[in-house]
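All residue numbers in this chain count up from 1 along the given sequence. The shown structure was predicted, so the numbers you read here are calculated from the model rather than taken from an experiment.
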Amino acid sequence: MRGTVAPGYSAVADAFAAVLAGSRAGVAFSVVRDGEVLVELHGGLADPATGRPWEADTVAVLFSGTKGLTAAACAAVSDRLEPDAPVARYWPEFATGGKERVTVGQVLSHTLGLLYPDPEPVGADRWDDRACAAVLARQEPLWEPGTAVAYHPTTYGAMTAELLARVTGRDPRAVVRDVVAQVPGARVFLGAAPPGPARIVRDPDYRISTFLTDPRRRRLVERMYRMLLEEPDLPNTDVYHRSGGLAGAGLASAPSMARFYAALCPSGPAPGASPVPAAALARATRTWSEGTDAVNDRPLRFGLGFELADPIGTYGPEPVAFGHSGAGGGRHGAWPERGIGFSFLTNEMRAEDVDDRASSLLAALHTCG
């Protein structure tokens with residue numbers, strides 16, 4: 001275990017040592033408050049095959065942790081991307097298949113009902129958010145938009161990419177990168193391959209949708225996550241890193257993610273330091289949808305793209321929290337009432353029902369300070 005821990009945070013160091021002792025790859029945990037680094041710990045292997053160690057600045061695929069950064073970018077331009085406005089105002093081609101009155105807020109809060117592109121684009125277009133968005137624009141939702149909530153694991157990225165492109169006139173990946181870069185010490189690789197990323201490995205018992213028992217919906221899940229399930233080495237490829245998919249292809253370090261989320265907290269280091277205006281962030285982090293996932297049977301609660309504190313304690317004991325988790329165990333977010341941004345990053349993917357790494361660290365953090 002390497003890194004630093006501020007006085008009063010030894011409980012986090014103890015919890016991290018326990019997490020590291022049970023790891024066969026690499027882990028990192030960072031905590032920042034008001035620009036001050038409280039915890040910056042890392043250890044293990046960035047590449048178990050070669051023995052390359054995890055360093056302080058090691059980056060890894062965020063998977064759906066990328067969605068939290070995308071949500072922040074949407075909030076940052078919400079003066080041009082109004083959540084209550086119909087999507088068709090910005091993206092006229094979307095107004096087909098019963099989607100004429102679908103709102104931006106329904107897209108961002110996972111209540112639309114477009115869970116996969118049909119037909120799936122082929123070749124390189126499989127990785128292209130805007131190619132997938134063109135397919136989604138022609139589709140009919142699986143339910144009446146706004147009447148059910150279910151996590152949209154890949155299509156969220158395609159649709160937000162298209163909306164960001166339409167309202168900014170820019171590459172949506174650059175929009176997200178620039179929002180993150182406004183925070184000193186924060187950086188995300190999105191659409192570019194970073195040097196020496198951690199190699200993603202899977203626990204032998206890795207599974208998805210561990211709350212789900214219905215075989216009919218299991219087939220739907222397998223279609224939604226097809227590429228992740230059928231191409232396990234995909235996250236280690238240059239083509240995936242360069243795709244810059246806004247749903248899950250960002251790469252960053254734990255210190256970057258913690259600094260970014262700390263800057264979003266209302267008690268941040270200086271007025272105007274947040275890359276998202278306070279009113280826009282408050283709107284994006286209030287509850288826009290909640291309930292049991294109509295596909296996955298998992299309790300969830302969403303703002304405008306951000307995951308919020310939920311009944312199963314995804315974001316620890318704090319009652320007010322926002323951020324986004326990632327497949328295999330990553331957890332990145334903020335406890336705004338304490339001014340804290342945090343990030344747990346790993347390259348060892350574990351199934352949700354047996355993975356207590358981030359939860360143990362957040363529980364320890366809650367006792368400190």
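Leu365 places a side-chain heavy atom less than 4.5 Å from the side chain of Trp335. Counting heavy atoms from C-beta outward, Arg298 and Thr314 have side chains that approach closer than 4.5 Å. By the 4.5 Å heavy-atom criterion applied to side chains, Met349 and Asp203 are not counted as neighbours. Between Ser343 and Arg331 there is no side-chain heavy-atom pair separated by less than 4.5 Å. Here the side chains of Asn347 and Arg202 are not in contact, with every heavy-atom distance at 4.5 Å or above. Between Leu108 and Thr160, some side-chain heavy-atom pair lies under the 4.5 Å cut-off. Counting heavy atoms from C-beta outward, Leu246 and Tyr156 have side chains that stay 4.5 Å or more apart. Using a 4.5 Å heavy-atom threshold, the side chains of Leu38 and Glu36 count as touching.
Val188 and Phe63 end up in different hydrophobic clusters when Ile, Leu, Val, Met, Phe, Trp and Tyr side chains are linked at under 4.5 Å. Linking ILVMFWY side-chain heavy atoms closer than 4.5 Å, directly or via other members, places Val239 and Val59 in a single hydrophobic cluster. Val135 and Tyr225 are assigned to two separate hydrophobic clusters, defined by single-linkage of ILVMFWY side chains at heavy-atom distances under 4.5 Å. The same ILVMFWY cluster, assembled from side-chain heavy atoms under 4.5 Å apart, contains both Leu308 and Met257.
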Report the C-alpha distance between Phe344 and Leu362 in whole Å, list the side-chain angles of each, state the deciding distance to 0.1 Å, and finish with yes or no for side chain to side chain contact (heavy atoms under 4.5 Å, CB included). CA-CA 9 Å; Phe344 172 70; Leu362 292 176; over 6 Å; no

Passes salt bridge (charged side-chain N to carboxylate O under 4.0 Å, His left out), Asp233 versus Arg199? Steps please. CA-CA 9 Å; Asp233 201 47; Arg199 182 168 187 82; 2.8 Å; yes

With salt bridge (charged side-chain N to carboxylate O under 4.0 Å, His left out) as the criterion, how do Arg357 and Asp355 come out once you've worked through the C-alpha distance, each side chain's angles and the decisive distance to 0.1 Å? CA-CA 6 Å; Arg357 294 171 295 177; Asp355 187 5; 2.8 Å; yes

Report the C-alpha separation of Val31 and Leu361 in whole Å, then their side-chain angles, then the decisive distance to 0.1 Å, and conclude whether the side chain to side chain contact (heavy atoms under 4.5 Å, CB included) test is met. CA-CA 10 Å; Val31 181; Leu361 290 164; over 6 Å; no

Side chain to side chain contact (heavy atoms under 4.5 Å, CB included) evaluation trace for Thr58 with Ser253: CA-CA 6 Å; Thr58 293; Ser253 67; over 6 Å; no

Pair Thr111-Thr147, side chain to side chain contact (heavy atoms under 4.5 Å, CB included): steps then yes or no: CA-CA 7 Å; Thr111 63; Thr147 62; over 6 Å; no

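Thr70 contributes a side-chain N or O that, together with a main-chain N or O of Thr66, makes up a donor-acceptor pair within less than 3.5 Å. With Thr287 contributing its side chain and Ser289 its backbone, the two residues share no donor-acceptor pair below 3.5 Å. Looking at Glu348, its side chain does come within 3.5 Å of a backbone N or O of Arg24 through a donor-acceptor pair.
Not less than 6.0 angstrom separates the ring centroid of His332 from the ring centroid of Tyr261.
By the 30° and 60° cut-offs, the orientation of the rings of Tyr240 relative to Trp127 is perpendicular. Between Tyr151 and His324, the angle of the ring planes lies from 30° to 60°, which puts this pair in the tilted group. Ring-plane geometry between Phe342 and Phe29 is classed as tilted, the angle between the planes lying from 30 to 60 degrees on a 0 to 90 degree scale.
A salt bridge between Arg2 and Glu55 is present, with a side-chain N of the basic residue lying under 4.0 Å from a carboxylate O of the acidic one. Salt bridge status for Arg166 with Glu93: present, with a side-chain N to carboxylate O gap under 4.0 Å. A salt bridge links Arg283 and Glu82; the closest N-O separation between the charged side-chain nitrogens and carboxylate oxygens is under 4.0 Å. Under 4.0 Å is where a charged nitrogen must lie from a carboxylate oxygen, and between Glu307 and Arg301 no such pair does. Using a 4.0 Å cut-off between charged side-chain N and carboxylate O, Glu231 and Arg126 make a salt bridge. Using a 4.0 Å cut-off between charged nitrogen and carboxylate oxygen, Arg259 and Glu40 count as a salt-bridge pair. We find that Arg207 and Glu352 are not joined by a salt bridge, their nearest charged nitrogen and carboxylate oxygen being 4.0 Å or further apart. The pair Asp171-Arg173 meets the salt-bridge criterion, since a charged nitrogen lies less than 4.0 angstrom from a carboxylate oxygen.
Partners of Glu140 by side chain to side chain contact (heavy atoms under 4.5 Å, CB included), not counting sequence neighbours: none found. By the side-chain hydrogen bond (donor to acceptor under 3.5 Å, both in side chains) test, Arg170 is found to be paired with Asp178, residues two or more places apart in sequence or in another chain being considered.
No more than 12 heavy atoms of other residues, nucleotides or ligands shown are found within 6.0 angstrom of CZ on Arg101. Remark: Arg187 CZ is loosely packed, at most 12 non-hydrogen atoms of other residues, nucleotides or ligands lying under 6.0 Å away. When the shell of 6.0 Å around CD of Glu144 is examined, it contains 12 or fewer heavy atoms from other residues, nucleotides or ligands.
Leu41 and Ala13 get closest at one heavy-atom pair: CD1-CA, 4.0 Å. Residues Pro299 and Ile312 approach most closely at CG-CG2, 3.9 Å, considering heavy atoms.
Annotation: cation-pi geometry satisfied between Arg286 and Trp288 (NZ/CZ under 6.0 angstrom from ring centroid, within 45° of ring axis).
Among Asp293, Asn296, Asp297, the single residue meeting the side chain to side chain donor-acceptor pair (under 3.5 Å) criterion with Arg217 is Asp297. For the side-chain contact (heavy atoms from CB on, under 4.5 Å) test with Val107, the passing option among Val87, Leu114, Thr155 is Val87; the others fail.
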